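Each remark here refers to the structure printed beneath this line.
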Amino acid sequence: MKAGTERVKRGMAEMQKGGVIMDVVNAEQAKIAEDAGAVAVMALERVPSDIRAAGGVARMADPKIVEEVMNAVTIPVMAKTRIGHIVEARMLEAMGVDYIDESEVLTPADEEYHLFKKDYTVPFVCGCRDLGEATRRIGEGASMLRTKGEPGTGNIVEAVRHIRKVNAQVRKVVAMDIDELMTEAKLLGAPYELLLEIKELGRLPVVNFAAGGIATPADAALMMQLGADGVFVGSGIFKSDNPAKFAKAIVEATTHYQDYELIANISKGLGIPMKGMEISSLAPEARMQDRGW
Amino acid sequence: MVKIGVLGLQGAIREHIWAIEASGAEGVIVKRPEQLNEIDGLIIPGGESTAIRRLIDKYRFMDGLKKFAADGKPMFGTCAGLILLANDLVGYDEPHIGVMDVKVERNSFGRQRESFEADIDISGVADNFSAVFIRAPHIVEAGENVEVLAKHNNRIVAARDGQFLGCSFHPELTDDYRFMNYFVKMVEQSKRKNFA
């Protein structure tokens, strides 16, 4: 009997497929998310748009908030650690959090190195913008990926860019001649063995969700259509007019992402989504996606 | 060839389809209740049982699923699927589909960090079967007509109640198709009986 094996850690993410993982900041929001049909919740001190507004250093949430959320719901609970912060990650593992997000939404603790995630019993999810970043994270032991998008903006454009890029690069690797693979590994900064595995499988070896800017049911369905295995919704739910309604509608649109009549129906009279931001209005240091490498 | 559906609302759907096809049957993803009329057997996959339940209600699957069971057609639930099939759940007043005579406890091995894999023997199906348990439930009590197929640390983790098959673990996460072969045979036998 073995705990924390690669199969157990990656398998947990497989069970989340086709689902929506929602950011929550307290027990009450966690219950709304669970009732709406979320497959997991991400326990945070603030949602990304509030992190942006607050400025300063964003750290792991107060363990009390994480514990409160864990006690409130029966679905899995995820929590974020700063990139490279070994102790925050170990604290979350010790608390029994089900999945850790080594996240660019928080201020990085280490600008050079990500965590060596193979060492942990708890599985990790990490952000990526392209296949090089995706495979480096898998190489360190991430059991699940999510494209980064630009968190807290309510603007889908970066999320679209990243999921398209990762999937186009996967298709290229799958189709390319094996003679060309080592050079592709060099160009992407990707571990060669992982590219070989992707080529053999015809896909990424772990689940890849989309994140960073999803604000409406149509946004969620768009990400599914572009090949995401599921979606993370951060500020999009609890910064909207009617969180419970938005949460349910986003879950349904994710399940039935090709049923346009249904998505039109559930989008009727939903109220106002979170206010979005134009990406070009962000100062370079405010771009969360550029954190990590 | 028999046609086996996988309830396609949320969870590890494509892995079951691969396993069905590797076992010599046709696999179909079931996203709408009317598709239940076209299939000979149904798998309810692993995923989040609360999320799947909400989508079952939203898309009016419940009556169709109960009728599918009443028609005597085989159903196989893995992990969340077992929770949805059970007729009694520890800590809940009401079951979900409630057709299999077992009492099930959710997340009974603990949280994700306690999730594990272990080699188990499934009686009459497979020895040394590599079983992956993820935030898994287990069968606390099995009805008198239920055949216990496997135990791990004295807990029932696989059982058959006539047309219903259920397990705590995820056979779809490995490429060992022996348990799926067993279910495909159940479906083939049930189809022959309905034609006879």
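The sequence lines fix the lettering, A, B, ..., with proteins before strands; numbering per chain opens at 1. Both backbone and side-chain heavy atoms feed into the values below; hydrogens, waters and symmetry mates do not. From a predicted model like this one, the values you see are computed outputs, not experimental measurements.
Side chain of B:Arg113 to backbone of A:Ala94: a donor-acceptor contact under 3.5 angstrom is found. Formation of a donor-acceptor pair under 3.5 Å by the B:Gln10 side chain with backbone atoms of A:Met15 is found in this model.
Proximity to chain A is limited to the side chain of B:Leu55, based on heavy atoms less than 4.5 angstrom apart. Of the atoms belonging to B:Arg135, it is side-chain heavy atoms, and not backbone ones, that fall under 4.5 Å from chain A. With a 4.5 angstrom heavy-atom cutoff, A:Ala36 touches chain B only via backbone atoms. For B:Arg53, no part sits under 4.5 Å from any heavy atom of chain A, backbone or side chain. Heavy atoms of B:Asn153 lying under 4.5 Å from chain A belong exclusively to its side chain. Using a 4.5 Å cut-off between heavy atoms, A:Thr254 makes no contact with chain B at all. For A:Met95, the part lying under 4.5 angstrom from a heavy atom of chain B is the backbone only. With a 4.5 Å cut-off on non-hydrogen atoms, B:Lys58 touches chain A through its side chain but not through its backbone. Only the side chain of A:Asp259 has a heavy atom closer than 4.5 Å to any heavy atom of chain B.
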Next on the checklist: What verdict does the side chain to side chain contact (heavy atoms under 4.5 Å, CB included) test give for B:Tyr59 and A:Glu252, after you've listed the backbone C-alpha separation in whole Å, the side-chain angles of each residue and the deciding distance to 0.1 Å?
Outcome noted: CA-CA 10 Å; B:Tyr59 296 104; A:Glu252 281 171 48; 3.3 Å; yes
Next on the checklist: Show, in sequence, the C-alpha distance, side-chain angles and deciding distance for A:Glu14 and B:Glu172, and conclude whether the side chain to side chain contact (heavy atoms under 4.5 Å, CB included) test is met.
Outcome noted: CA-CA 10 Å; A:Glu14 300 285 345; B:Glu172 73 276 17; over 6 Å; no
Next on the checklist: Would A:Arg203 and B:Arg14 count as a side chain to side chain contact (heavy atoms under 4.5 Å, CB included) here? Give the steps.
Outcome noted: CA-CA 13 Å; A:Arg203 58 180 168 83; B:Arg14 67 175 182 197; 3.8 Å; yes
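A side chain to side chain contact (heavy atoms under 4.5 Å, CB included) with B:Gln112 is found for exactly one of A:Val77, A:Val8, A:Val97, A:Ile100, namely A:Val8.
Atoms CD1 and CZ, on B:Ile134 and A:Arg7 in that order, are 10.0 Å from each other to the nearest 0.5 Å. Taken from OG1 in A:Thr255 to CD1 in B:Ile52, the straight-line distance is 10.0 Å, to the nearest 0.5 Å. Annotation: the span from A:Ile75 atom CD1 to B:Glu48 atom CD amounts to 7.0 Å, rounded to 0.5 Å.
For chain A, the option among B:Glu114, B:His152, B:Arg106 with the highest count of heavy-atom pairs below 4.5 Å is B:Arg106. Per-residue counts of heavy-atom pairs under 4.5 Å with chain B were compared for A:Val207, A:Asp98, A:Val122; the largest is that of A:Asp98. Between chain A and the options B:Ser115, B:Ala131, B:Ala118, heavy-atom pairs under 4.5 Å are most frequent for B:Ser115.
Using a 4.5 Å cut-off on side-chain heavy atoms (C-beta onward), A:Lys17 and B:Glu15 make contact.
By the 6.0 Å contact criterion, CD on B:Glu94 is open, its count of non-hydrogen atoms from other residues, nucleotides or ligands being 12 or less. The 12-atom threshold is exceeded at CD of B:Glu21, counting heavy atoms of other residues, nucleotides or ligands nearer than 6.0 Å. Other residues, nucleotides and ligands contribute over 12 non-hydrogen atoms within 6.0 Å of the CG atom of A:Leu262. Within a 6.0 Å sphere centred on NZ of B:Lys151, other residues, nucleotides and ligands contribute 12 heavy atoms or fewer. Annotation: B:Glu34, atom CD; neighbour count of heavy atoms from other residues, nucleotides and ligands within 6.0 Å is above 12. Enclosure of atom CD in A:Glu6 is not indicated, since only 12 or fewer non-hydrogen atoms of other residues, nucleotides or ligands lie within 6.0 angstrom.
Across every non-hydrogen atom of A:Gly37 and B:Ala51, the tightest pair is O-CB, 3.3 Å. For A:Gly11 against B:Leu173, the heavy-atom pair with the smallest separation is CA-CD1, 3.6 Å.
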